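I have placed the structure first, in the form of structure tokens, so that the comments after it can refer back to it.
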Amino acid sequence: MSLWGNAAGERRAGAALKPFKWEQSFLRVAKLLLSMVLMLLAPPTACAQNDTEPIVLEGKCLVVCDSNPSSDGAITSSLGISVRSGSAKVAFSAIRNTNHEPSEMSNRTMTIYFDQVLVNIGNHFDLASSAFVAPRKGIYSFSFHVVKVYNRQTIQVSLMQNNYPVISAFAGDQDVTREAASNGVLLHMERADKVHLRLDRGNLMGGWKYSTFSGFLVFPL
């Protein structure tokens with residue numbers, strides 16, 4: 001074969017290779033573009049910071065970065081977004097286990113005190129003041145059952161929210177040795193709102209053993 005024939009063959013081979021190389025380049029560019037499109041269309045995920053993994057709450061597709069649990073059960077992300085954890089529960093139940101007469105402090109403030117806590121999840125009920133302080137904004141349920149013993153006077157018991165009477169209950173039957181003033185309510189409360197019981201009428205000089213005061217967070221807002 002002549003040199004001219006070899007040269008012509010090489011030119012034909014080169015021409016045949018060029019489309020193949022162009023197709024490879026096109027495929028690489030197409031794959032790159034496809035990857036970029038998939039990244040843009042993918043749901044946003046938060047990258048973990050401070051060696052923490054993304055947190056998913058209550059099975060929802062909610063992811064936060066740099067979680068910092070607070071004392072009230074909230075999680076604050078690095079973007080300043082506060083997320084409430086479904087595992088943060090609040091509940092209390094207190095009783096009067098003795099039948100002593102009211103103390104001087106009780107006579108002065110008319111606060112109804114309790115001396116034993118049965119439930120105090122979250123530790124937001126203070127036994128010394130017999131008051132509950134809301135750890136977060138939300139809807140709360142409260143109920144009370146205040147017993148008067150050997151007392152013919154009518155009593156009025158009020159549930160106080162930030163020292164303002166919200167509901168009351170009365171007990172005034174003179175023919176029974178024990179009678180209870182009972183009531184319950186749902187309240188919209190802000191963080192740090194305070195709830196306690198106050199005697200607005202009558203006295204509890206015979207004691208108030210077996211009385212109860214309970215409450216819990218229904219759901220946060």
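Residue indices begin at 1 and follow the sequence shown. What you see is a predicted model, and the numbers here were worked out from it, not measured in a lab.
Partners of Asn203 by side-chain hydrogen bond (donor to acceptor under 3.5 Å, both in side chains), not counting sequence neighbours, listed by chain and number: Asn151, Gln153. Considering only residues two or more places apart in sequence or on other chains, Asp200 meets the salt bridge (charged side-chain N to carboxylate O under 4.0 Å, His left out) condition with Arg198. Qualifying side chain to side chain contact (heavy atoms under 4.5 Å, CB included) partners for Ser143, counting only residues two or more places apart in sequence or in other chains: Ser214. Scanning for ring-ring contact (aromatic ring centres under 6.0 Å, His included) contacts around Phe132 gives Phe92, Tyr140, Phe142, with sequence neighbours left out. Remark: Arg201 engages no residue in a salt bridge (charged side-chain N to carboxylate O under 4.0 Å, His left out) (not counting sequence neighbours).
Side-chain atoms of Gln116 never come within 3.5 Å of backbone atoms of Arg96 as a donor-acceptor pair (strictly under, hydrogens ignored). Trp208 contributes a side-chain N or O that, together with a main-chain N or O of Tyr113, makes up a donor-acceptor pair within less than 3.5 Å. The backbone N or O of Asn97 sits less than 3.5 Å from a side-chain atom of Asp115, completing a donor-acceptor pair.
Proximity of Ile139 to Leu221: side-chain heavy atoms (C-beta onward) are separated by under 4.5 Å at one or more points.
Side-chain contact annotation: Thr212 with His145, donor-acceptor N/O pair under 3.5 Å absent.
Under the 4.5 Å side-chain heavy-atom criterion for grouping Ile, Leu, Val, Met, Phe, Trp and Tyr, Val119 is not connected to Leu127 through any hydrophobic cluster.
Applying the side-chain hydrogen bond (donor to acceptor under 3.5 Å, both in side chains) definition to pairs two or more places apart or across chains, those involving residues 159-172 are Gln156-Ser168, Ser158-Ser168, Gln161-Asp193, Asn162-Asp193.
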